[in-house]
Structures are given as structure tokens and as C-alpha cells.
Amino acid sequence: MRRNKLSNAIILVVLAVLFILAPLLYPNQSVPFQMMAFMTLAQGVNLLYGFTGYLPFGYVGFFGSGAYGVSILVLLLHWSVIPAVIGGGLFAVVVALLLSPLLRLSGAYFSIGSLAASEIVYYVVSNPNMQNITQGPYGVNLAGIYDPNTSYYAMLVILLIFTAVVMYVKNSTFGMSLLAIKEDPVSAAMAGINVVRRRVAIWLASAFAAGLVGAVYGWYVSVFYPSSVFDLTISIFAIVFTLFGGGGTVLGPIVGTIVLYGLYNTIGVSSPQYFQLIYGLLIVVLVMFLPQGLTSLLKRRGINVP
Amino acid sequence: MSTFLFAVVSGILFGVFFSLMAIGLNFAFGVMKIVNLAHGDFVMLGAFGAYYALSTFGINPFATMIMEIVVFLVVGVGLYYGIIPRLLRSDDPEMLSLILFFGISQVIEALATLAFGTNPVTLPTNALGQLSFQLFGQAFESSWVISFLVSVVAIGLLYVYLYKTKMGIATRAIMANRDEAAASGIDVNRISAIAFGIALVLAAIAGTLTPFMLGGIYPSVGVNLTITSFSIIVIGSLGNPIGTVVGGLVYGLSLLLMQTYLSSWANMVPYVLLILILLIKPSGLLGKGARNA
Amino acid sequence: MQSRFRKGTLWAAAALSGGMLLAGCGTTTSAPASGPAKTKSPTAEISIGTLYASTGSFATSSMPEYQGLQFWINQVNASGGTYVKAAGKKEKIRLVSYNDQSSAQTATSLYNQLITVNHVNMLVADFGSVLTSVAVPIAQEHKQLLFDQSGTGTTFFTPNNPYIVLTSLPTSALWPTSLANYLISQHYKNVAIVYCENDFDQSQDQTLTRLLAKAGITPTYNNAVPTSTSSYTVILHNMAATHPQAVIELGYPNNDISFMQALQASGSTFPTTFTIFPGQLPSLFEKNFGMKGLNNMFTYPAPPLFTVQGVNYGMPIAQFAQAFKKQTGSSPNFLNVAGYNTGLILQKTLATATSLSQKSLRQAVTGFSGSITTLDGKFQINNQGAQIGETLPVGQFTVSNGKLKVNFMS
């Protein structure tokens with residue numbers, strides 16, 4: 001247990017140092033910012049997928065709810081930024097609570113069900129009838145609270161918190177019980193584990209992560225449209241990064257995001273005309289030759305992956 | 001009243017066409033438990049095939065359809081042997097297939113953009129032939145009626161294959177239980193490869209009809225078609241190809257009725273239906289028993 | 001166990017820093033490939049940074065606009081550069097461009113890349129309000145003037161932000177004035193409108209219905225559809241059921257194409273049928289529907305469908321069309337014109353700005369606002385940077401002697 005604590009502390013410190021130094025070393029702050037955002041989203045997917053096996057294709061629904069939560073709290077209710085960001089995260093939790101019956105589904109049914117749910121949230125937010133609340137299709141302008149530097153560090157705080165949450169879950173009895181449920185829900189229930197309550201708890205925690213990331217993202221960019229914060233590629237990126245690194249570990253989503261999002265930016269700047277082609281081929285090759293994720297390379301050698 | 005009846009009949013025509021579009025995705029899932037996220041991109045390729053054949057060489061869409069059946073069958077079988085056995089050996093092939101085919105979808109869209117450009121292309125709707133169809137004193141679009149008929153025939157042939165041929169029966173055995181089928185001496189790989197080829201053939205047939213049903217065709221249209229197909233097969237029942245017809249009808253009718261009465265909410269309806277049906281009957285309308293984990 | 005644990009943690013730290021290096025280095029080392037700005041050296045070129053979308057939902061419009069800008073750069077460089085007042089001589093133009101693939105997320109970091117890493121002298125936005133929107137706060141934050149080609153979101157232009165200039169067409173809310181005037185002049189009672197749920201189309205619907213209401217006209221059908229709508233058959237049938245004298249569809253090019261396909265298939269005709277994009281992309285629509293399909297359609301005609309009179313800056317339309325065809329092999333559409341027009345505005349800015357600081361670029365633009373007319377129309381901006389000089393007429397396509405012509409209604 002102490003070893004785990006030490007290695008976890010090292011990971012958190014390395015993350016903090018890297019992302020504090022990154023904008024000083026490389027002037028384009030958006031790259032490390034978005035990397036942190038995707039890393040936190042990947043950890044959120046990891047919480048759910050890594051410990052329960054539910055793969056949320058509609059994860060972006062929580063992200064968008066968080067972004068629109070901030071816009072409603074700031075523009076309509078005139079909250080100040082930090083409470084509005086936390087409130088935005090809670091918006092996503094409320095949406096997740098409403099959608100918790102989705103957990104009755106499994107496998108691809110759950111994935112597609114959650115995708116449909118996020119599309120519903122998107123169509124509600126962007127509907128012209130919602131113009132008084134969300135501005136409908138006109139998009140949101142939060143110029144009054146725009147502050148890229150403060151929101152950068154807010155994202156770092158959220159990243160560290162949810163990395164720590166994954167560490168906690170991985171090493172706690174709560175996490176063990178989740179893995180027991182994932183392995184065999186019937187036996188787990190017979191052993192006295194409250195299957196439904198635990199699944200809902202991790203589902204809400206995962207939604208809170210995405211909601212906070214969406215909220216800070218909305219704050220960071222300050223202008224957005226429904227189609228940009230409910231963009232399905234956000235879900236797909238978070239999932240691909242998690243699976244590529246390896247779910248159920250602390251390190252998998254971190255490494256997955258750094259490598260794949262790093263490559264994404266490199267290709268995007270160096271050979272923009274073949275962006276999509278190279279990235280697509282890369283994903284195909286990685287899945288074919290590393291189907292269990294990068295961390296499996298270490299596990300196979302008997303190395304303990306935090 | 002006339003707008004209601006028009007929406008209902010159009011909804012049936014439209015819905016059955018979408019059943020055809022979605023059924024290949026469901027068939028591949030039923031046999032291999034993989035989710036082909038590039039399905040809509042294969043539909044898009046089929047559509048561009050019909051477009052170039054007609055606009056450049058003047059080839060009738062039906063002739064193109066026959067050529068595409070051969071081409072996509074070969075591509076499907078090749079793609080199966082290239083990637084799927086390897087994929088099925090991993091821990092969680094169902095989830096990994098999502099990522100793998102997302103990558104393939106990106107590659108297809110990128111190549112299609114290089115080849116076809118980004119401008120939407122259309123075909124004149126009368127290129128499919130003229131067929132006047134009147135019901136309740138209203139005339140329905142000829143291309144819709146023809147696409148409906150083609151869809152019915154294609155889905156019917158899939159039914160015949162599955163229930164009346166030796167290979168189809170073997171396919172259904174694999175759908176029921178892959179390991180048991182292998183144990184009873186079925187060549188699982190060969191049958192699955194053909195099933196994957198058939199799935200792409202069905203996508204291609206729907207693709208040749210798409211320019212007549214959905215306005216402009218452009219390389220990035222595939223993603224939307226995949227998502228719509230997904231909703232349809234889950235409404236019907238994942239893994240049960242015939243359930244897809246029910247899903248398609250529910251989709252077509254609800255979409256076009258909403259367009260008539262509450263148009264700004266129309267595109268949300270399939271998703272609301274999907275959630276409702278999943279929550280009431282998690283296995284889809286025609287599913288057998290719930291798939292509870 | 002001890003050594004294994006150490007190995008794991010060490011590996012973790014190495015992977016983290018290595019990965020970051022990879023991410024960072026990749027971008028730094030590859031930047032010279034597309035060329036960093038060397039603005040301070042005396043043999044400098046002028047660097048212009050922009051984004052384009054080669055795939056995704058905005059590709060249809062983004063690529064032609066980008067080609068128009070590229071055309072201008074090739075023209076300028078072929079003639080030895082453009083006059084830069086701040087340097088007192090002609091300088092060549094270097095384009096730094098990235099592909100945002102229609103994603104606002106990707107566009108955010110790429111705009112940032114252009115400003116903070118490439119240090120471009122002039123920043124040009126991608127097509128459309130969604131892809132322009134993310135650039136507005138970044139440009140303001142870094143005090144970099146944003147040349148907005150077509151992002152006409154009304155929230156972009158605020159009194160306290162001098163770092164944005166709209167180079168073409170006014171904000172979309174102003175477009176329907178000519179259309180409303182035409183409908184009112186025809187004394188139409190039954191007008192049916194379908195519009196897409198996005199800021200571009202909905203703002204037009206709101207303006208149009210407001211102007212019609214002033215004249216006592218309430219549309220018999222006025223409904224929104226999602227922008228992803230691809231089947232208009234039933235909607236058109238429902239519109240026809242209200243026996244309209246005018247049927248108006250406000251959408252993006254893909255919507256207009258789907259709508260016109262449904263119209264053609266249904267065989268219905270109305271006294272006035274209006275869609276937005278045939279006037280801007282006539283060759284695309286002609287390729288899809290033929291002259292016959294466009295005959296009698298109403299639209300907002302834009303150059304090259306009409307010739308702006310009194311052009312005093314850059315090539316007039318006929319000359320442009322010829323040169324563009326020679327360079328690219330295809331006839332220009334309006335978006336090509338708009339991209340070229342952006343280039344002309346950049347050219348005039350460079351020719352009049354006393355220094356290359358963003359403030360003096362902006363002052364230069366204000367200085368020549370109202371005094372130049374390009375093939376795209378009169379360039380005039382208000383004090384917030386929004387375009388007010390160009391207007392859009394309403395016109396009707398007709399076919400005479402096998403040629404497509406436009407009759408202007410206003």
C-alpha cells in the first residue's frame with residue numbers, strides 16, 4: 001500500500017510539474033490545455049469503463065452539459081466564475097442522475113444508449129425554443145469571464161483531482177467491489193454488495209469529471225456553439241485514448257492521451273493535408289498490434305502498473 | 001388529414017429504405033459481435049460508385065448495384081481475413097472493434113475526400129426510372145417507391161439466405177453461439193467472412209439508392225449514416241437482422257410525422273424513442289429477453 | 001517486488017516526460033517545415049496565417065475560400081511581392097496554414113499556434129461562424145487583428161474589441177432586407193418559410209419575419225428544422241399544402257441541395273421559390289440540377305453572377321475569372337471571390353499601414369474603409385469592425401439562348 005502511495009504521489013507531482021512548465025516552454029498554451037482536458041476526460045471514461053466495463057459513447061453529453069451549465073449560471077444567474085464552474089459540473093451530475101436507468105443496459109446497448117442520450121441533450125440545448133435559456137443555435141459568448149491563464153490552472157487542478165480519484169478507487173475496497181461486480185454481478189450481489197448503488201456512484205463521479213472539464217473548457221474558449229461542445233469526436237477521443245493506454249490503470253489514460261494527442265498535434269501541424277488519413281491509419285495499426293493498450297506491454301513483463 | 005396520410009406512407013417507404021441501410025451493420029454485429037463504425041462510410045462509397053457510374057459513363061444505377069455487389073463482397077471477405085480473427089482474439093473485441101473501425105472510417109473518409117473532393121453531388125431522381133404510385137389520392141415520389149421495393153427484395157433475400165440455405169443456417173448457429181458452432185464442425189471463419197462480405201454488400205445496395213433518397217452525397221456523410229443506422233438497429237434489436245425492419249419503420253414514421261407536426265424537434269425523435277424502448281425493453285422491440293450483465 | 005515497483009514508477013515518469021517531449025518537440029520541430037515567421041530580419045516576407053477545413057461539415061465552403069486566398073498570394077508573389085509601406089518596399093507573402101478539419105477544438109489550438117508559435121503578421125479566420133468564433137477571444141487576448149472572412153456571428157463584434165475586421169458580406173441578419181422588400185412589393189399574402197437551426201439561418205428568418213410583419217404579412221408556414229436535415233420531401237409537401245405564393249428555404253449548401261432535389265422530384269412549382277446558395281455557388285447547383293433546375297429560382301446573387309461597378313482596387317470580376325481559371329483550371333464561385341477579396345484587403349492594409357503592429361494594421365483598415373471598391377463590392381466597416389458596405393440583392397435565374405442569366409429584383 002505504501003509503495004502505491006509513493007508511486008501515486010510521483011505521478012501527481014510529475015503531472016503538476018509538466019503542466020506548470022509546459023506553457024513556459026512552449027508558447028501555444030492551447031495544446032497543453034486541451035491535453036489536460038482530454039486526459040481528465042480519459043480518466044473519467046476510465047473510472048466508468050475500467051472499473052465497470054460500461055463504455056459511454058455519449059460521454060460528450062456531460063461535457064456539453066458542463067459548458068452550458070457555466071453559461072446559464074454566468075449569463076442568466078450572474079454567478080461568479082468558480083461557483084459557476086462547480087455548478088456546471090453539477091449540471092452534468094443532474095443529467096447523469098436522470099440517465100442512470102441506462103445502467104440497466106450492457107455492452108454495445110449501453111454505449112449506443114448513452115450516445116442517443118447525449119444527442120437528446122444536444123438537440124434540447126440547440127433548439128430555437130430554448131433560446132431564452134441556452135441561446136439556442138446562436139451559441140454562447142462569455143467574454144465577460146474570459147481568462148485563459150486562470151482557467152488553464154483550474155483545468156490542472158481538475159486533472160489532479162480526478163487522477164487522485166482514480167488512484168483512490170483503484171486501491172480502495174470500493175474499487176475492489178466494482179471489479180467484483182464487473183467480473184460477476186450476480187455473485188457480487190449475493191456477497192452483499194449493493195450493485196446498483198455502487199454503479200450509480202461511479203457513473204455520477206464519471207459524469208462530474210466530464211461536467212467540470214466541459215465547464216472549464218467553456219470558460220477557457222469563452223465562445224462556443226452547441227455543435228462544438230457536443231461534438232461526438234470528443235467522446236471518441238476520450239475513449240480511444242483510454243483504451244489505447246489501457247483501462248483500469250491510473251497510468252493508461254495518461255500515457256494514452258500524451259502519446260495519441262501528442263501525435264495528433266504533431267501531424268496536424270506538420271502534414272495538415274493528410275491529417276485524417278495518417279491519424280486513422282495509426283489507430284488501425286495500434287489496435288491491430290497493441291489490442292490491450294500500451295500498459296499491457298509492461299504487465300506482460302510482470303511490471304506493476306500503477 | 002392529407003398531410004398525415006402523406007407522412008405515414010412516406011414514413012413507411014423511408015423507413016424500409018433505412019432498414020436496408022442499417023441491416024448490414026446489425027448482421028455483422030450478430031455474427032461477429034463487432035461494431036462496424038465505418039458502416040456509413042461503406043454506404044457513402046456505394047453512393048459515389050452510383051454517382052460516377054451514371055454521371056461519367058451513363059451506367060444505370062441498377063447495373064452499378066450488381067457490380068458493387070461483387071466488389072463489396074470481395075472487399076468484405078478480404079477485410080475480414082485481414083483484421084477480424086486477430087481482433088476476436090483480444091480481451092474485449094466488442095469494444096475494441098469500435099476503435100478499430102473508427103480508424104477505418106477516418107481512413108475511408110480521408111481517401112474519399114482526396115478522390116471526390118468536398119462538394120456534395122446529386123443524381124436526378126428520375127434516373128432510377130419512373131413508377132407512378134398513388135395512394136389516398138396523393139402521388140408519392142417515384143424514387144422513394146423504387147428504393148422501397150429494392151429494399152424489400154434485398155431484405156427478403158437476406159431472410160432466404162439465413163433461413164433456407166445451408167450456409168445461412170450455419171450463420172445462425174454462429175450467431176447463437178460462436179464456440180459451440182465451431183465445436184460442431186462449422187468453418188466459423190469462412191462463414192463469418194462471407195457474412196461480413198454480405199454486410200458490406202447490403203451497405204453498398206443502400207448506398208446506390210442513397211443519392212435518390214437523401215439529397216447531396218459528400219465524403220463526410222458516412223458518420224451521420226452510421227449513427228442513424230445504429231439507432232435503428234438498437235430500436236429493433238441488436239443482433240437480430242429482422243428486428244431491424246421494425247426499427248427502420250419506427251424511425252421513418254416517427255421522423256416524418258415529427259417533421260410534419262413539430263419540425264424543429266424532428267431529429268431528436270429517433271433518439272428519444274431509442275432511450276424509451278431501451279428502458280422499457282432493454283433488448284429492443286424484437287429482442288429475446290434482456291441482456292443484463 | 002521492490003525492483004519491479006521501482007521499474008514501474010520510473011517507467012511512468014519516463015513515459016510522462018518522454019510523451020510530453022514528443023508532443024512538444026513534434027510541434028516545435030515541425031514548425032520550420034511550414035516556416036516560422038522571420039519578421040525581424042530585413043529580408044523579411046510577410047507571413048499570413050490561416051486555417052482551412054479539408055474534411056467535415058464546413059469543407060464545402062472552407063476550401064473554395066482558401067483557394068481564393070491562395071490565388072491572391074500566388075498572384076502577388078508572381079509579380080515580385082506586394083508593397084509594404086512599413087518596410088518601404090515590395091515584399092513576398094508566405095502562407096502558414098493548418099487543417100482544422102471543421103473541428104472547433106482543433107481550430108482553437110491551431111489559431112493559437114499561428115499567433116504564439118508562428119508569430120504570423122496577419123491572421124485570417126477559417127470560413128463560417130463556428131470556426132471563426134474560437135479565434136475571436138484568442139485574437140483579442142493576444143492583441144492580434146483577426147481578418148474575419150465570413151464568420152458573421154453577431155456576438156463577435158463588440159465596441160471594446162478592436163481586433164476584428166469583417167472583410168466580406170455583412171452579418172447574416174442584414175441579408176434578407178432585399179428579399180423582404182421583394183416579397184412585400186409582390187403583395188404576397190401566403191409566404192412559407194423553412195429554416196435551419198443555426199445562427200446563420202435563424203437570424204435571417206428572424207429578420208425576414210420581422211420585416212414581413214411590419215408590412216402585415218404573417219407567414220402561413222414558418223418552421224425550423226435541424227441543420228442535419230437531409231430529406232425535405234415531407235416538409236415540402238406540408239409547405240405546399242398551405243398554397244404559398246412564395247416558398248423560402250434558408251439553409252447551408254447541403255440543405256439547399258436536398259431541398260432543391262425534393263422540389264425537383266415533387267414537380268411542384270410556386271410563383272416564387274427562394275434558396276440562398278445557388279447565387280453564391282451557381283456552378284455547383286448547375287452541375288447538380290442543370291440550367292433547367294435553376295430556371296426561375298430566386299436567390300441572393302453574388303459575384304461573379306453580377307459585376308460590381310466602379311471597382312477601384314484589384315482585378316475586376318471578368319479579369320479575375322480569367323486569371324483564376326488559368327491558374328486553377330476551374331471557374332471561380334463566390335467563395336473564391338471572397339477569399340481573393342480577403343487578400344485584397346490584406347494588400348491594401350499592408351500598403352497603407354505605417355508599421356506592422358496590429359494596432360496600426362487596424363488603423364490602416366479604418367483609414368481606407370469606405371474608399372475602396374473591389375470585385376466583391378464596397379469595403380466599409382463600422383467602428384466595431386463589422387461590414388456595412390456590401391449588400392446582397394435578390395435575383396431570379398432565367399435561361400435564355402442556352403445561358404443562365406440573373407434578373408435583379410432590387
Side-chain angles (χ1 to χ4, degrees), chain A residues 49 52-55 57-58 99 101-124 127-129 136 181-182 184-186 195 232-233 236 239-240 243-244 247 273-289 291-292 296, chain B residues 29 33-35 37-38 82-83 86-87 89-111 113-114 220 223 227 230-231 233-235 237-239 262 264-275 277-279 282-284 287 290-293:
Chain A
Y49 175 71
T52 66
Y54 287 105
L55 193 62
F57 248 60
L99 294 176
L102 283 176
L103 294 172
R104 287 165 49 194
L105 310 170
S106 68
Y109 281 90
F110 173 82
S111 298
I112 295 157
S114 80
L115 174 69
S118 81
E119 289 290 303
I120 294 173
V121 180
Y122 163 67
Y123 281 117
V124 170
N127 197 281
N129 298 316
I181 296 171
K182 184 185 176 187
D184 185 349
V186 181
V195 173
L232 196 60
T233 52
I236 292 179
I239 289 171
V240 169
L243 294 188
F244 172 61
Q273 63 276 41
Y274 301 112
F275 205 158
Q276 201 180 21
L277 182 63
I278 297 174
Y279 201 60
L281 282 174
L282 194 73
I283 290 172
V284 172
V285 171
L286 290 175
V287 175
M288 294 298 289
F289 297 100
Q292 320 294 340
S296 68
Chain B
F29 181 84
K33 298 292 178 289
I34 55 155
V35 182
L37 269 189
I83 56 175
R86 205 185 167 97
L87 185 71
R89 281 199 298 273
S90 68
D91 278 354
D92 193 351
E94 188 171 320
M95 293 301 139
L96 269 185
S97 68
L98 290 168
I99 307 172
L100 177 66
F101 282 98
F102 168 70
I104 293 177
S105 150
Q106 295 285 300
V107 172
I108 295 177
E109 190 187 325
L111 292 176
T113 306
L114 292 174
S220 59
V223 186
I227 295 176
F230 253 143
S231 313
I233 65 178
V234 177
I235 290 173
S237 167
L238 206 50
L262 261 177
S264 76
W265 298 98
N267 287 21
M268 194 173 116
V269 173
Y271 302 112
V272 174
L273 276 172
L274 172 68
I275 294 276
I277 288 170
L278 278 181
L279 294 181
S283 53
R291 272 175 45 119
N292 278 325

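Proteins get letters first, then strands, A, B, ... in listed order; numbering begins at 1 in each.
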For residues Leu277(A) and Val107(B), determine if any side-chain heavy atom of one lies less than 4.5 Å from a side-chain heavy atom of the other.
->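 Answer yes - side chains close enough.
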Residue pair Phe57(A) / Val35(B), side-chain heavy-atom distance below 4.5 Å =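 The answer is no; the side chains never approach within 4.5 Å.
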Check each atom of Leu100(B) against the heavy atoms of chain A and say whether the ones under 4.5 Å are side chain, backbone, both or neither.
->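 Both backbone and side chain of Leu100(B) come within 4.5 Å of chain A.
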Drop me the distance from [X]'s [atom1] to [Y]'s [atom2], to the nearest 0.5 angstrom.
| X | Y | atom1 | atom2 | answer |
| --- | --- | --- | --- | --- |
| Gln106(B) | Thr233(A) | CD | OG1 | 8.5 Å |
| Tyr122(A) | Tyr271(B) | OH | OH | 10.0 Å |
| Leu115(A) | Leu274(B) | CG | CG | 8.5 Å |
| Phe102(B) | Ile283(A) | CZ | CD1 | 5.0 Å |
| Asn129(A) | Leu262(B) | CG | CG | 8.5 Å |
| Leu286(A) | Ile99(B) | CG | CD1 | 10.0 Å |

Would you mind telling me which of Pro101(A), Gly53(A), Ala116(A), Ser111(A) has the largest number of heavy-atom pairs within less than 4.5 Å of chain B?
->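 It is Ala116(A).
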Interface residue of largest heavy-atom contact number with chain B, from Ile239(A), Ile112(A), Val240(A), Leu243(A), under 4.5 Å =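 Sorted descending by pairs with chain B, the first entry is Ile112(A).
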Can you tell which part of [X] gets under 4.5 Å to a heavy atom of chain B, answering side chain, backbone, both or neither?
| X | answer |
| --- | --- |
| Val285(A) | neither |
| Tyr49(A) | side chain |
| Leu232(A) | side chain |
| Ile120(A) | both |

Return the option, out of Ile104(B), Leu98(B), Leu87(B), Ile227(B), with the maximum number of heavy-atom pairs under 4.5 Å with chain A.
->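 Most heavy-atom pairs under 4.5 Å with chain A: Leu98(B).
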